[in-house]
Each structure stands twice: as C-alpha cells, then as structure tokens.
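This report concerns only the one structure given below.
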Protein chains: 2
Amino acid sequence: MDRAEEPRRSKRVTITDVARHAGVSVAAVSKVLRNAYGVSPAMREKVQAAIAELGYRPHAAARGLRGRTYTIGVLLDNVRNAFFADILDGIRDELRNSEYTVLIGAAGFDPEEQAKTVRSLVDRQMDGLILIAPGTARDEVLATAASTPTVVIGHHDTADTHDSVVDADDIGAGLVVDHLVGLGHRDIALVSAQGTKANRWKRPPETVLTEGYLAAMERHGLAGHTRVHHAAYSDEGGFKAGMTLLTAERPPTAIMTGADVAALGIYRAAHELGLRIPDDLSLVGYNNTALAALAPVQLTSVDQAGHTMGATAARMLIERVEGRRDRAMRTTMTPRLVVRRSTAEQRGR
Amino acid sequence: MDRAEEPRRSKRVTITDVARHAGVSVAAVSKVLRNAYGVSPAMREKVQAAIAELGYRPHAAARGLRGRTYTIGVLLDNVRNAFFADILDGIRDELRNSEYTVLIGAAGFDPEEQAKTVRSLVDRQMDGLILIAPGTARDEVLATAASTPTVVIGHHDTADTHDSVVDADDIGAGLVVDHLVGLGHRDIALVSAQGTKANRWKRPPETVLTEGYLAAMERHGLAGHTRVHHAAYSDEGGFKAGMTLLTAERPPTAIMTGADVAALGIYRAAHELGLRIPDDLSLVGYNNTALAALAPVQLTSVDQAGHTMGATAARMLIERVEGRRDRAMRTTMTPRLVVRRSTAEQRGR
DNA sequence: GCCCTCGTGTAGAACGTTCTCTACTTCGAT
DNA sequence: ATCGAAGTAGAGAACGTTCTACACGAGGGC
C-alpha cells in the first residue's frame, strides 16, 4: 500500500545551475563564491549576475563535506539564564556582519545530555564551538577541541587545545565582601553552586568564586565568620538555601550568591520568614541579569559584561577557524559591582 | 610565507572504516544504520559490533546530502522571553528520546534578520522547522514551508502548507476581563504589541488578543471604556506605556498586557508615580512566565501552557518529516488564568 | 624565435552518506 | 529437475560542494 506520490518539494538551485546559466565552469563559480585567487573581474561579474538572477544560495551541508559550513555552534545548559542571553547577544553582534551563522544547542543540565549535544554539533560540521560553562567531562571537551576549534566560557582551567573566556570571579566575590563589610556586616554567607565532581574540571566559576570569598573574608579578619552553602542556581535552590541559613542558630546578616536567580529564591525565603530586605537582610546576586534590575527587585549584583564576553569569544573563535592564530589564549574580564536597594547598613542586632 | 603545517586535526571514523572493519560493504552498514529492510540478524550484529568498537557516529552533514540530517531547526526572536523557554523545553522533552537534535536560531526582532536565519536553517538541511511567532514576511514562510516541513507557533493565520500551534488568545483576554470586572473594575486598558504591518500576517497573537479584549468588554457593556495602547513587549516598552496611561486624564484602574515583561515595566512606572499595586492599580500579565511567579512580583497572569505547545509542535513536525501525514493541521490550546497578588477589588475613587 | 612565468579557466576527484539496481542464495512448489 | 519468489548482500551513482592539478594563452626577457 503505497502512499500517494510525494508532494513535489521544489528543487534547489545548485552551483551547477549557476555555472550553466553563466556559461562557465562549476569550479569558476566556486572560486567566486569563496573569493579565491584566480578570477578575472569579468568572470566575477558574470557569475555574480547569474547568482543574483537565480537566487542561488550555497548549500551549507554540502559545503561542509569538503570545506567550511560557516556555522558556529553554541552549547548552553539553560536558556532561562539571562546571563547566557547576554553572552549570546554578544556572539550574535560580533558575527552579525560576517558570513557565519550561530546555532544554539540547548542541552539542559545533565552532563550526558550536554555531551550528546556537543557531539551533535560536531557531527553537523560546525566550524567552531563555543561552550558556555559546560558540564561535560573535561576530557571529552579536550577531545573535541582537538578536532574543532573551541572556546570555553566560564571554567578557569587552562588548556592548550582550546581558548577560554572567563570572568575574574574571585575579584567579583571580593567586591561584594568589601561592599558588605563596608556596610558593617560581618556574618556574610555565600550561596554557590555545588562544585561539580566527576567531570574533572578543576576550576569552574563557583570554585573560583568561593576562593575569592574566603580570601576576602580572611583579608577583613573574618575568617571565622565564613559560611558557604551549596545550592542549585534556581529559584527553588535559593529558597531552600535561604530557609536553611536564615533559620540557623546564628543567621547571617548578609547573603551573597553566585547567581541572581538564586538570590531571588532567598528573597522569597526571607519574605516567608517575615524578614525585610534590606532592613533585616542584605542580599547580593551575581551576573547583573535583567532580573536584578527589575523594578520590584532592585538587587545589588556583580556585572560580568556578558555581552563583551560573548563578543570576545566569537572573535577568538573566528581567528582560530580561519587559521589566523594557532596558540591557545585566554581572556579574563573584570567584574564590576552594581549597588541597588537590596543591601544596606547592618543594624545592631 | 606559508604558516607551519596545520596541527593535524584528527580524522573522523567513517562508514567506510566501519564496513572494512566488519568485513562487509558500505551499503550494508548504511542499511543497518537506517534499519532498512534486507539485513540479516547476523549482519546487523556484526555491523553493530564494529560501530561500537570504532566509536563511529554518522556524519550528519554528509547524510543531509542525500537523506535526512535528523535535525530540527527552531526560530526564535528573543532568548530572553521566558515563555519561549517553556516552548523550547516542550520541544526538547518531546524529542529527547528520538534521534533528532534541536538547533536554535536566535534571530532578534528584525524581520530581515529573521528571514536570514530561516534561510540559514534551510541551507543547513534541517529536516523540519518550528517558527515561533515569526516576524518574517508571510510569503517567505509559505515558500520555505513548501520545501521543508514547518510548524508555525503563535500566528492564527490558516495555511495549507504548514501546521500551526496557537493559543486561544481571545479567550485568554476574556478571562482577564471577566476577572477584573468581577473585582469591580470598569476602566480596563490593554497594552499589546503593535500589530505588525508589512509582513502580511493577518492574525498575529496580539491582534487576536485585542479582539478578545474588545469583545469581552462589550459583553460586559463596557464598550465605551476600552483603551488599547501599543507598546513593545519589553520592560522599557511597558514603562512608557504605563507612564502614558497612568498620567492620562482619566487613568485606568486596571491594566492588562500581552506579556509579563511589559507588565513589569508598567509596575515600574506605577512605582515611580507613587501608585501601589494592587491597591491603586490592578495589573495583569500574559504567558505566566517565571517572572510572574517571582517572589517580589506575584503577577496575575494568563498561562499558555508553553511546554505543551512546544511538545505538540514537535510531535506534529515529526509526523510531517516522516511522511506520516500530508495534510496541514492546527492545534489550539486553551489558556488559564492564574490569579496572584497584583489584582484586587477596585476601591471607589 | 624560444623558454618562463603569470594569470585565468576547467576537469575531475574527493568528501561521507543514501539508495536504486542487480546478483547471488536458498527454498518451496511444480 | 526446474522455475519463481523471497531474502540478503554489494556495486556504484548521486547529492552539492571544494580544491588540486593541469591546460592554455599572453607577455617578457634573452
């Protein structure tokens, strides 16, 4: 029982059609397309006219078989993270007027799922990869980086196969601690992500952040007052962390977090416990996402210049893709504190 | 001056390698891969062993040249819209255990940019496309739909070349008006997106929403009280709209919007004007994004079941891609009102 | 005039798959 | 025994590009 004939999907215009129409060889058209060496102005003009006339667009998948696909793949765990959106914007703006297209693989948090997505991107012949704080096993990232130019955003681990763009999270943590201490706080707790274990990244952002926090506290002579609580960077994670910390025997007067969204969860917990912000609790986020600036929120946060990070990553990647650089490099951004209304002088208790 | 030799990018394992290793023909391996007809159990086993042993993965770009790429492309204007994230999750969950990969093209709001992105997706041989509220010219969408299976989310325009998934936005508007009228409000304003013009979509969500609003107001005998204000669905857009509406001669006592993020802009405007929510102004969002539920916000909103919409769109698309259906269809979701703390009884003024 | 070089153009292999077609078995019915 | 069908395997073209290698003609230097 055969189904009725396929609804004739219209045929694509190919390079052969263009060549025939212009009365030249396929090779010549290809040269014009890639503006390779050895094309006379007359030839170029003829071919370009034919391209325009037929509305020809190169078939990226076919291109990929030999040369480039002019496609950059971006791995993301979570579309909801507004900070990642900033990075994406940066990438997009940098690449807007190039011939490259950006495709995003949104993988979720599961490391295996992420690994699968990275493989998908490689199998689809991406010219280059930007991995935003990948949870994938480090070895696997190094392996793909060996065959496809790769930029890793977030992890501080150095490597000579891939480039890196990171934020000086330790300095960021220091900024926050300084600010809070300046307001008279001493019991300052940090809520950061659980340091991932199995994937073998030694220096994910949360680790560096924690180090910076500990160092800054020590610098202020508050080593005995440190408290690090691990929680998922989500509303729920923040809520639970907030509940735990704020109902403890000696609750902190200020809490800083590694992500704005977690800070909002803490906000909710404080609310539920009848604590006012900033009167009873100072609260600081991280990443300065749109969330933090939102009217009813007004969260003090640390700005990471996501846009710049994205743009930088894209620029570095293209250098590699086009073979203009063959040594790994790393760019470090400097964070900046943005003070809003969620932090205030500590009142005696 | 030639650069030092390329750092030898490691070679891929190809189907030929697998065939050689298993001692069979390339064609046989291909058959096993696609589990096509005409493969003996012994053959299947041998080949699968070879695949596992060599760690072979099919090269999607090469596949695309003849058959499928097992890739679904999603067009998005704005990663920041949390509602779209819900849709994406739905798509991803539906496709998780299939062999398809989802790649996202984030295009921004510019219609030309979006058109470019759609073309990019087509050129990369996506097996199917999901377009979320595309701003691209309708004709162009119809043209691509003629050659690549396509599902359009959001626009209510009917078409026989592509499938559609929409929300009954008119009913959603009705729910809000009913709720607000039930609370005693009569001066209820609507802030919705500017109806797009040039792209020739006749029934984008905002148009349907506006119709529903007008119809509901009329049903309550409030036809004379309608006020529709156009604004961009962003914090800034909402802020400006709020300023205009709330400083008018006879300001509304309730404002409903087509997007949560715009409602937050209005929130900010109200704040700035010294109006309290919900005491002085009732405010309703749309889409019930994570934003609305956020602790400090607590925005009454309309839930569109983005997750289900995404999953449905994915299911419909795959049916088409695999040729199990050849007639266009449309699925309509029913919205649900989620009442939170941003709406209250209208106090006499 | 002859040989080189340079600039321009083309032929055709290659990329890694899918898929149509043909060839070879084997088995059952005649 | 013979024929046909059914089941399985493989050869090789095709997909739309890139890219290497080569051919050809025009100048330039001797």
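We name chains A, B, ... by the order of the sequence lines, and we start the count at 1 in each one.
Of the side-chain N and O atoms in A:S30, one or more sit less than 4.0 angstrom from OP1 or OP2 of D:dT18. The shortest distance between the side-chain N/O atoms of B:R66 and the OP1/OP2 oxygens of C:dG16 is not below 4.0 Å. When the side-chain nitrogen and oxygen atoms of B:T14 are compared with OP1 and OP2 of C:dG16, none of them lie within a distance under 4.0 Å. At the phosphate of D:dT18, neither OP1 nor OP2 sits under 4.0 Å from any side-chain N or O atom of A:Y70. OP1 or OP2 of C:dG9 lies within a sub-4.0 Å distance of a side-chain N or O belonging to A:S40. Contact annotation: B:Y56 reaches the phosphate of C:dT17 (side-chain N/O to OP1 or OP2, under 4.0 Å).
Following rounding to the nearest Å, A:R12 (CZ) and D:dC15 (C1') show an atom-to-atom distance of 12 Å. Atom-to-atom, NZ of A:K31 to P of D:dC19 comes out at 12 Å; the value is rounded to the nearest Å. If you measure from atom CZ of A:R20 to atom P of D:dG16, you get 11 Å, rounded to the nearest angstrom. One atom, CZ of A:R34, and another, C1' of D:dT17, lie 9 Å apart when rounded to the nearest Å. The distance from atom CZ of A:R124 to atom P of C:dT17 is 12 Å, rounded to the nearest whole Å. Rounded to a whole Å, the CD atom of B:Q125 is 13 Å from the P atom of C:dT18. To the nearest angstrom, C1' of C:dC15 lies 14 Å from NE2 of A:H59. As a whole-Å value, the separation of B:E45 CD from D:dT8 P is 15 Å.
Within 4.0 Å of B:A27, counting heavy atoms only, lies at least one base atom of the nucleic acid. Counting non-hydrogen atoms under 4.0 angstrom, A:R57 reaches the backbone sugars and phosphates but no base.
Not a single donor-acceptor contact under 3.5 angstrom links the side-chain atoms of B:R63 to the base of C:dT17.
Salt-bridge annotation for B:R119 and B:E112: present, with a side-chain N of the basic residue lying under 4.0 Å from a carboxylate O of the acidic one.
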Q: List the steps, then state whether side chain to side chain donor-acceptor pair (under 3.5 Å) holds for A:Y100 with A:R68.
A: CA-CA 10 Å; A:Y100 292 91; A:R68 311 228 195 98; 3.2 Å; yes
Q. Step by step, would you call A:R57 with B:D123 a salt bridge (charged side-chain N to carboxylate O under 4.0 Å, His left out)?
A. CA-CA 7 Å; A:R57 300 195 318 252; B:D123 294 347; 2.8 Å; yes
Q: Could you go through the side chain to side chain donor-acceptor pair (under 3.5 Å) check for B:R20 and B:T16 one step at a time?
A: CA-CA 6 Å; B:R20 189 169 25 233; B:T16 317; over 6 Å; no
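If you find the closest nucleotide of DNA chain D to A:G67 and to B:L65, the one lying nearer the 5' end belongs to B:L65.
For the salt bridge (Lys or Arg N to Asp or Glu O under 4.0 Å) with B:E319, the qualifying choice from B:R327, B:R325, B:R324 is B:R325, the only one to do so.
Nearest to the side-chain atoms of A:V26 among the listed nucleotides D:dG7, C:dT10, D:dT18 stands D:dT18. Out of C:dT17, D:dA9, D:dG16, the shortest distance to the side chain of B:I15 is found at C:dT17. Comparing atom distances between the A:Y37 side chain and each of C:dG7, D:dG10, D:dC19 picks out C:dG7 as nearest.
Taking the six-membered ring where tryptophan is involved, the planes of A:H155 and A:W201 are essentially parallel, since the angle between them stays under 30° and well short of 60°.
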